[in-house]
Amino acid sequence: MKTTRRRFLKAGALLTPFTFIPEIFGKTTAVNKPLIISTWNFGVPSNAAAWTVLSKGGRALDAVETGVQVPEGDPTETSVGLGGLPDRDGRVTLDACIMDEHANIGSVACLEHIVHPISVARKVMEKTPHVMLVGDGALQFALANGFKKENLLTPESEKTWKEWLKKAEYKPVANIENHDTIGMLAMDKSGNLSGACTTSGMAFKIHGRVGDSPIIGAGLFVDNEVGAATSTGVGEEVIRIVGSHLVVELMRQGNSPFAACKKAVERIVKNQPQKSKEMQVGFLAINKNGEHGAFALQKGFTYALYTEEVPNKLFEAKSYY
Ligand code: ASP
């Protein structure tokens, strides 16, 4: 299931890079089904991989798993999967979760040595009566299910970690490479929704730290009657407001995806008026009408959208600050 570098490059070559379409900022746009949306610049090649599933009439669940495997398998992406920056002990620990249209959920946290944690999360969802496995237990489960044990610490990430060790100061900075996650939401031709979220979490975190990304309701939430949401940024703040669930519930109350994401960000500002100025959190959402929206604390939160009308473009979300 691993996405090859070749396939990744082939997909990437067909795509336009960053496209600035101000009319779309801050608004929801009606689009045809199917639809894929995902966080940050690596959303573009990830959407391209996911589209290969949706365009053939495949399930949204298969699309999001295939899509997020792209940055997971890319050693040059230092915030997801292979090549992710390690914790402060030099260990690459991964968090991921997945949710489908039937409210089936699966999650892994603090998983080491496995390139595609999203696929382990899916196995947790499909092969166990549980919803979440962590640490060694998650690794044992992965190995028992045929996943290969690999070294995820690339020489480049090791070098960055050794540099960090010289001062060993942990200061999260908004919008830098060591602090991203891929969250992907999709609607398939049947109108069903699914989502996936995967990350190596905060770089140089305390060993055992788990962020929002593998927590259903925080990093990801899907309700097939209403819509779906995902998040990126400082996971502690997203968990504090159960962010993605909040966004979906706000949409249930009649808010557009954009308004729902904005209200969730405003809740974070209300909780942490000072701290929120220094950190990044972004939300991304879609609803059952095929509308999408995004909002972030800080400028610079990009997301990629793929529909029949908008074939894979990168946008920048509006922000509170
Ligand atoms: N949300 C992720 C975490 O807190 C990291 C990120 O998206 O930047 O682990």
Side-chain angles (χ1 to χ4, degrees), residues 37-43 46 68 71-72 74 77-81 83-88 91-99 107-112 117-118 121 132 134-135 138 152 157 160 164 170-185 195-221 229-247 261 264-265 268 271-272 275-276 278-285 294-304 317 319:
I37 194 161
S38 58
T39 55
W40 301 109
N41 297 11
F42 48 37
S46 307
V68 303
E72 280 186 341
D74 183 349
E77 290 297 351
T78 56
S79 61
V80 180
L85 288 169
D87 64 19
R88 65 185 189 180
R91 298 163 73 163
V92 182
T93 67
L94 306 176
D95 296 339
C97 73
I98 194 158
M99 185 162 187
S107 162
V108 288
C110 208
L111 171 65
E112 293 179 79
I118 198 64
M132 186 172 201
V134 304
L152 304 183
S157 286
T160 310
W164 175 83
Y170 184 64
K171 282 193 189 161
V173 182
N175 285 329
I176 59 169
E177 277 293 303
N178 71 0
H179 194 49
D180 297 341
T181 291
I182 183 150
M184 177 179 280
L185 310 170
C197 186
T198 175
T199 189
S200 52
M202 282 188 182
F204 321 128
K205 61 197 172 188
I206 295 173
H207 180 66
R209 180 265 185 189
V210 171
D212 57 322
S213 308
I215 312 284
I216 294 290
L220 176 73
F221 197 69
T230 189
S231 65
T232 180
V234 179
E236 284 73 3
E237 299 313 315
V238 177
I239 294 172
R240 211 183 301 283
I241 62 160
V242 199
S244 293
H245 185 259
L246 175 64
V247 170
C261 291
V265 166
I268 290 174
N271 280 341
Q272 310 278 345
K275 262 171 70 186
S276 65
E278 306 293 321
M279 64 188 173
Q280 179 63 303
V281 171
F283 289 104
L284 204 53
F295 201 76
L297 272 173
Q298 314 292 336
K299 289 192 174 60
F301 170 41
T302 57
Y303 65 92
S319 62

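Sequence positions, counted from 1, serve as the residue numbers for this chain. Both ligands and their constituent atoms are indexed starting at 1 by order of listing. Predicted model only: the values in this text are computed from it and were never measured.
- Set against the non-hydrogen atoms of T232, the atoms of ligand 1 under 4.0 Å away are 6 (C), 7 (O), 8 (O).
- Checked against a 3.5 angstrom limit, the closest N/O atoms of G201 and ligand 1 fall outside it.
- Counting heavy atoms from C-beta on, the side chains of D180 and T39 never come closer than 4.5 Å.
- Between the CZ atom of R91 and the NZ atom of K205 there is a distance of 11.0 Å, given to the nearest 0.5 Å.
- A donor and an acceptor atom, one from each side chain of T302 and N41, are located under 3.5 Å apart.
- The closest approach between R209 and ligand 1 falls below 4.0 Å for a heavy atom of the residue.
- Considering backbone and side-chain atoms alike, G235 places an N or O below 3.5 Å from some N or O of ligand 1.
- Of all atoms in ligand 1, numbered sequentially from 1 with element shown, those under 4.0 Å from a heavy atom of S213 are 1 (N), 2 (C).
- Contact check on R209 versus E236 returns a salt bridge, with a Lys/Arg side-chain nitrogen under 4.0 Å from an Asp/Glu carboxylate oxygen.
- The two residues G43 and S38 make their nearest non-hydrogen contact at CA-OG, 3.0 Å.
- Taking the six-membered ring where the residue is Trp, W40 and F301 present perpendicular rings, their angle passing 60° and hence far from 30°.
- Residue D212 has at least one nitrogen or oxygen atom sitting less than 3.5 Å from a nitrogen or oxygen atom of ligand 1, judged on distance alone.
- Both the backbone and the side chain of T181 come within 4.0 Å of ligand 1, counting heavy atoms alone.
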